[in-house]
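See structure below.
Start at 1 with the first residue, then count along the sequence.
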Amino acid sequence: MRGTAAGGSRSSRESRALLQQQQQRRPPWAARPGRWGAAAAAASLAALCYWNSLRGEFVHDDVWAIVNNPDARPGAPLAAAFADDFWGKGMAENTSHKSYRPLCILTFKLNILLAGMNPFYFHAVNVVLHCLVTLVLMYTCDKAVFKDSRLAFVTALYFAVHPIHTEAVTGIVGRADVLACLLFLLAFLSYNRSVDQLYVGEHFPPTASLPFLLLSLFLGTCAMLVKETGITVFGVCLVYDGFLLSQNRRRLRNGGVHQRMARQPAASLHPSLQLSSSSRENGKHRVAHKGTWNSYHPASPEEQQRSSPSVLAVELHLSFCRFLTYSYLLAFNAWLLLAPVTLCYDWQVGSIPLVDSIWDVRNFATFLLAGVMLLLGLHCIVAFKKQEHREVLVGLLFLVFPFIPASNLFFRVGFVVAERVLYMPSMGYCILLVHGLNKLCTWLNKWRFTAVTTSALLLLLFSWKTVKQNEIWLSRESLFRSGVQTLPHNAKVHYNYANFLKDQGRNREAIYHYKTALELYPRHASALNNLGTLTKDLVEAKEYYTRALQLNPQHNRALFNLGNLLKSQGKTEEAILLLRDSIQYGPEFADAYSSLASLLAEQDQLKEAEEVYQAGIENCPESSDLHNNYGVFLVDTGSPEMAVSHYQKAIQLSPGHHVAMVNLGRLYRSLGKNKDAEAWYKRALKVARKAEILSPLGALYYNTGRYEDALKVYREAATLQPSNKETRLALAQVLAMMGQTKEAEQMTSHIVMEEAECLECYRLLSAIYSKQENYNKALEAIDKALQLKPKDPKVISELFFTKGNQLREQNHLDKAFESYKVAVDFNPEQAQAWMNMGGIEHIKGNYIAARSYYKKALHLVPNSKLLKENLAKLDRLEKRLQEVQEGG
C-alpha cells in the first residue's frame, strides 16, 4: 500500500487515501505515456544482451530434452507429455528423474511443429520470453512494489542484463525457468488484483474479485506444470496477503473503524495453497552424481541401531558436515547473484568441497548471509509497522520462496548448484538491490551523481558479462571447454569435455581428460568405461571395464562393452551372459539387443536371436538402428519381404538413416528391382555423399552395363575415400572395361605396391594385359596370384582357368589344356573350362574326347548355343569322315 498523508482531519486523510488507491488501480501505462518508452528500453536491452545467443546450437541437456525426447516430436500424442517426465521417460519408471514439466515440453513440440529442429527458433522463443519477463517484472514493481516508477524501470534493467540468467535464457532447456517465472509474475499480479479492493474504503471486507482469484490459481498451476518451482507463487501470495491483512487491520484501528473482522483467512482464498510444496527439482544428472554427495547423508535408523558408538559418531559428523555444506551453498548462491564473476554450466563432482569443520573459513559467509537475511527480515517488519518499504517484503518473498525447492535444506534435489534455478530468485535480488541503491543515493545526497554513475557502470559490467557468457553457450565445444577452464577441479566437466572430444575423434585429448576426471573422482565408473572404448590394448580395455563394474555392477554400458570384447575373443558363453545382463539393467539400450542377437545368430541360434530382436523392438520401438539390424537378420535368414518393412520403419524413425536406405537398395538389387535400388541409393546420397553409398550404386551401374555412370560414381567415391583399396580397384576395373587400360594399369599397380598380397589386383592386371595383348605379362600376373596360395577351391579354379586362356592365346594348347584340367579338378562345375578342353581336343582332331568334354559342359549349361553349335560341327565332321571312309 502507498503511504497516506501525515496531516489533516481523518475524513480528509481517508479521502486522499481513497483517491490515491483508485489512481493506483489505474494501469500505469495509461497514467504516464513515458512508461511505454521505458518498457521499450527495458525490452530492447534484454534483447540486445541475448542477440548473440540466436546463433547457438543444441547443447548439453538440450539434446536429451528436445532432440532425443520422443514426446517433443510432432507425431507423438499430446498425452505422452503429461504421462512422462521432462526427458521423455515414464514417471513410474525407476530411471525417471521425476521432473514433471508437461507444458514446457508442449512448447518444444510447438517449436518443432512450426519451424522444425532449427535451434535458431528455439533460442528466439527463449529471448522473447525473457523480454516479456522483464516487462512484466517492471509492471509488477510499478504496481505493487515501488512508489517511484523509475525504480521499477531500473529494477527491470538489472534483471534484463544479469549474467546469472545466461543458462536459463541461452540454454534452451532453461525455457522451463523463464516461462515459469513469467507465469509466476502473472499469477502474483492476478492475486494482487483480486484482493486489492479488500483493503480499500471504510467497509471491510467487501467481496474479493473471483475471476482474478481463479485466474491466479490457473496461472500458478500452469507455472507449476512448466517447472516445479512455479508452485512457490502460492506461498508468496499467502505471505504477502498476510502482511497486507495485518497492515490493514492496523490502519483501520488507527482510522477509528471499529468493525468486527469476519473475513476468512487468506489461505482459504487459494485452495491450492494447502498443497505440499514437495515438487522436486530433479536435474538431468541426479542419478549420475548420486555418489558425489553420498557422504552427506546419515545412515538409516535401522543402520544406526546396528552401529557401534564410533560409527554413530562418524555418522553424526557426516550429518553435521552436510548441514554446514548445504548452509554454505545458500551463501554461495547469494554470491553468484551478487557478483556473477565465475559462472559454469555444471557445479557438481568436486566443484565445491565439503565443509567438514566449524573452523572452515567459508562458514563466515554462511553466518554473514544469515545476519543479512535477519536484518532484512527485521527491517521488513519495522517498515511495515510504519506502512512503508513494501519493496523489502516483495524482494525477500521473490528471493527466498522460489529458491526453497532448490535449497537442499528440506528435501534432496539432483544438483549442488545450478545457475538456472536462480532465474526466479534474481527478481527479488534486483528489487532489493535497487532499493538499497536508492537508499544509498538518498543518504549520500550531494554524492548522488557518483552513486548513479556506479549503478550505470554495474549495468554495463553485467551486460558485458552476459554477452560474453552467451558466447560460451553457442556450441558444445565452447561450453565444455569453458567448464574445464573455469573449474579445472571439477571431475564432471572433464568427463563431459572428454565425451565431446571422443565424438570428434580426438581420442588422445579425450583420454587425458578422462584420466583427469578419474584423478579428481576415482569412482567415476562411466569414465573408466569410456576409457576402455578408446584404448587399443584389449587387456587394458578389459581392466577398465572390470574396474567400472566393480564400482557399479549394474553399469549396462560397461557390461555391453566387456561382452563385445569377450565376443571378439571367441568367449561366446561369457559374452552372452554379459550382454543379457546389459539388457537386464538397461532394457532401453538398443545396442545391447543388436549385439546379443547377432552373436546368437552366429551360433546358429536363430530362434533365440529373433526373440531378442523382437524384445528389443518392443522395449526400444524408437530405435531405428534396431529395426535396420533386424532387417539385415531377416535378409540373411531368407525373409526379404519382412526385411523391407523394417528397413522402411528405420527410415521413418530416422529420415537421415542412410545405412537403412543402402540396405534397402541392396535388397531391391538382389530381387532384380534395379530401378527401386537406384532410387534408394540416390536418396541415401541426398543425406550423405559417402563412399560406402556410392560404391553399391557404382556396382549397380557396372553390372547393368552403364559404364559411364559407373565411372563417374566410382571416381567420386575414390576422391572421398582415396585410401579405400576396394573402391580404387572397382574404379580400375571400370576403366579397363571401357578400354582405358593405361590408367587402369597404373591405378592397380599402385594398389599392389601398397599391398603386395592383393589377389584381385593380380587378376585385374592379368585382364588388363590381356586386353593390351601382352599375354606374357598377363601370364606372370596370374602366376603371382597363384603364388599367394588362396584357400578357396573356386578361386583357385578361376585362376587356373584364366591361366589356360592366356596360354591358349599364345597357342600353347597342351599347357592350356593342363591348366583347364586343374581348374575342373578344383571346381568340376567350371563349364567354360570343360568347353575349352573340348575345343582343344576338337582342334587336335580328337573328336571323341572333344564330344565328351562338350557334353559335360552342356550338362552344366544346357542352354548354351555355342556348345550346341560345336557339337553340331562335330556331328558334321564325323559324318563327313564316315562318308569319306565309305567312299574310299
Given side chain to side chain contact (heavy atoms under 4.5 Å, CB included), test Gln554 with Gln584 step by step and report yes or no. CA-CA 9 Å; Gln554 298 181 6; Gln584 178 185 351; over 6 Å; no
Run the numbers on Tyr100 and Phe86 for ring pair (Phe, Tyr, Trp, His ring centres under 6.0 Å), then give the verdict. CA-CA 6 Å; Tyr100 190 64; Phe86 189 54; over 10 Å; no
Apply side chain to side chain contact (heavy atoms under 4.5 Å, CB included) to residues Leu78 and Lys109 and explain how you reach the verdict. CA-CA 9 Å; Leu78 292 177; Lys109 191 181 184 75; 3.8 Å; yes
Intermediate values then yes/no, ring pair (Phe, Tyr, Trp, His ring centres under 6.0 Å), Phe560 and Phe589: CA-CA 9 Å; Phe560 169 77; Phe589 185 26; 5.0 Å; yes
Given the rule in the ring pair (Phe, Tyr, Trp, His ring centres under 6.0 Å) test, do Phe633 and Tyr613 qualify, once you have shown the distances and angles that lead to the verdict? CA-CA 9 Å; Phe633 171 81; Tyr613 273 124; 5.4 Å; yes
Glu540 and Thr535: CA distance, side-chain angles, deciding distance, side chain to side chain donor-acceptor pair (under 3.5 Å) verdict: CA-CA 7 Å; Glu540 187 178 359; Thr535 183; 3.2 Å; yes
Begin from the C-alpha positions of Ser695 and Glu726 and carry the test side chain to side chain contact (heavy atoms under 4.5 Å, CB included) through to its verdict. CA-CA 9 Å; Ser695 292; Glu726 287 77 13; over 6 Å; no
List the steps, then state whether side chain to side chain contact (heavy atoms under 4.5 Å, CB included) holds for Val734 with Met738. CA-CA 6 Å; Val734 176; Met738 296 181 67; 4.0 Å; yes
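In this structure, the side chains of Glu798 and Arg763 come closer than 4.5 Å at one or more pairs of heavy atoms. The shortest side-chain heavy-atom distance between Gln832 and Asn836 falls under the 4.5 Å cut-off. A 4.5 Å side-chain heavy-atom check between Leu711 and Met737 finds every atom pair outside the cut-off. Using a 4.5 Å heavy-atom threshold, the side chains of Arg557 and Asn530 count as separate. You'll find the side chain of Met117 reaches within 4.5 Å of the side chain of Ile66, heavy atoms only. For the pair Lys649 and Ile617, the minimum side-chain heavy-atom distance is 4.5 Å or more. Counting heavy atoms from C-beta outward, Asp636 and Val632 have side chains that approach closer than 4.5 Å.
Contact check on Lys571 versus Glu574 returns no salt bridge, with no Lys/Arg side-chain nitrogen under 4.0 Å from an Asp/Glu carboxylate oxygen. The residues Asp503 and Arg476 are annotated as salt-bridged, a charged nitrogen and a carboxylate oxygen being separated by less than 4.0 angstrom.
Counting non-hydrogen atoms of neighbouring residues, nucleotides and ligands closer than 6.0 angstrom, the CZ atom of Phe826 reaches no more than 12 such neighbours. By the neighbour-count criterion of 12 heavy atoms within 6.0 Å, atom CD of Glu829 is sparsely surrounded, having that number or fewer from other residues, nucleotides or ligands. Counting non-hydrogen atoms of other residues, nucleotides and ligands closer than 6.0 Å to NZ of Lys502 gives a total above 12. Annotation for Glu611: atom CD counts as buried by contact number, over 12 foreign heavy atoms lying within 6.0 Å. The neighbour count for Glu708 CD, taken as heavy atoms of other residues, nucleotides or ligands under 6.0 Å away, does not exceed 12.
The stretch residues 687-696 participates, sequence neighbours left out, in these salt bridge (charged side-chain N to carboxylate O under 4.0 Å, His left out) pairs: Arg689-Glu716. Residues in residues 65-81 take part in these side-chain hydrogen bond (donor to acceptor under 3.5 Å, both in side chains) pairs, two or more places apart or across chains: Arg73-Glu622. Sorted by first and then second residue, the side-chain hydrogen bond (donor to acceptor under 3.5 Å, both in side chains) pairs involving residues 598-609 (not counting sequence neighbours) are Lys567-Ser598. Sorted by first and then second residue, the ring pair (Phe, Tyr, Trp, His ring centres under 6.0 Å) pairs with a member in residues 693-716 read Tyr702-Tyr707; sequence neighbours excluded.
Considering CG of Leu566 and OG of Ser568, their distance stands at 7.5 Å, rounded to 0.5 Å. Taking CG from Leu729 and CD from Glu760, the interatomic distance works out to 6.5 Å, rounded to the nearest 0.5 Å.
Residues satisfying the disulfide bond (SG atoms under 2.5 Å apart) test with Cys758, not counting sequence neighbours, are Cys761. Under the side-chain hydrogen bond (donor to acceptor under 3.5 Å, both in side chains) criterion, Ser797 pairs with no residue, sequence neighbours left out. Lys821 pairs by the side-chain contact (heavy atoms from CB on, under 4.5 Å) definition with Asp825, Met837, not counting sequence neighbours. Taking Lys725 as the reference, Glu755 meet the salt bridge (charged side-chain N to carboxylate O under 4.0 Å, His left out) condition, with sequence neighbours excluded. Applying the salt bridge (charged side-chain N to carboxylate O under 4.0 Å, His left out) criterion to Lys682, with sequence neighbours excluded, gives Glu678.
Tyr545 places no side-chain N or O within donor-acceptor distance of the main-chain N or O of Leu528, the cut-off being under 3.5 Å. Ser595 places no side-chain N or O within donor-acceptor distance of the main-chain N or O of Ala592, the cut-off being under 3.5 Å. With hydrogens and angles ignored, the 3.5 Å screen pairs a side-chain donor or acceptor of Trp834 with a backbone N or O of Pro828. With Asp62 contributing its side chain and Val59 its backbone, the two residues share a donor-acceptor pair below 3.5 Å. No donor-acceptor distance shorter than 3.5 angstrom exists from the side chain of Ser623 to the backbone of Cys620, with no hydrogens or angles considered. Judged by distance alone, the side chain of Asn118 and the main-chain N or O of Tyr121 form no donor-acceptor pair under 3.5 Å. Although no hydrogens or angles enter the test, the distance criterion places a donor-acceptor pair under 3.5 Å between the side chain of Thr704 and the main chain of Leu700. At least one donor-acceptor pair closer than 3.5 Å links the side chain of Thr719 to the backbone N or O of Arg715.
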Compile the donor-acceptor pairs under 3.5 Å between side chains in residues 665-674 and protein atoms, sequence neighbours left out, one pair per line.
unit_1 : atom_1 : unit_2 : atom_2 : d
Arg669 : NH1    : Asn674 : OD1    : 3.1
Ser670 : OG     : Leu667 : O      : 2.6

Below 3.5 Å, can you tabulate the donor-acceptor pairs from side chains in residues 854-869 to any protein atom, sequence neighbours excluded?
unit_1 : atom_1 : unit_2 : atom_2 : d
Tyr854 : OH     : His842 : ND1    : 3.1
Ser864 : OG     : Leu867 : N      : 3.3

Side-chain donor/acceptor pairs under 3.5 Å, residues 651-661, sequence neighbours excluded:
unit_1 : atom_1 : unit_2 : atom_2 : d
His657 : ND1    : Ala660 : N      : 3.2
His657 : NE2    : Asp625 : OD1    : 2.7

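For the side chain to side chain donor-acceptor pair (under 3.5 Å) with Asn529, the lone residue among Asn552, Asn556, Asn561 that qualifies is Asn561. Checking each of Gln746, Met747, Glu745 against Ser749 for a side chain to side chain contact (heavy atoms under 4.5 Å, CB included) leaves exactly one that passes, namely Glu745.
Aromatic pair Tyr820/Phe801: ring centres closer than 6.0 Å.
Ring planes of Phe122 and Phe58: perpendicular class, angle over 60° (limits at 30 and 60°).
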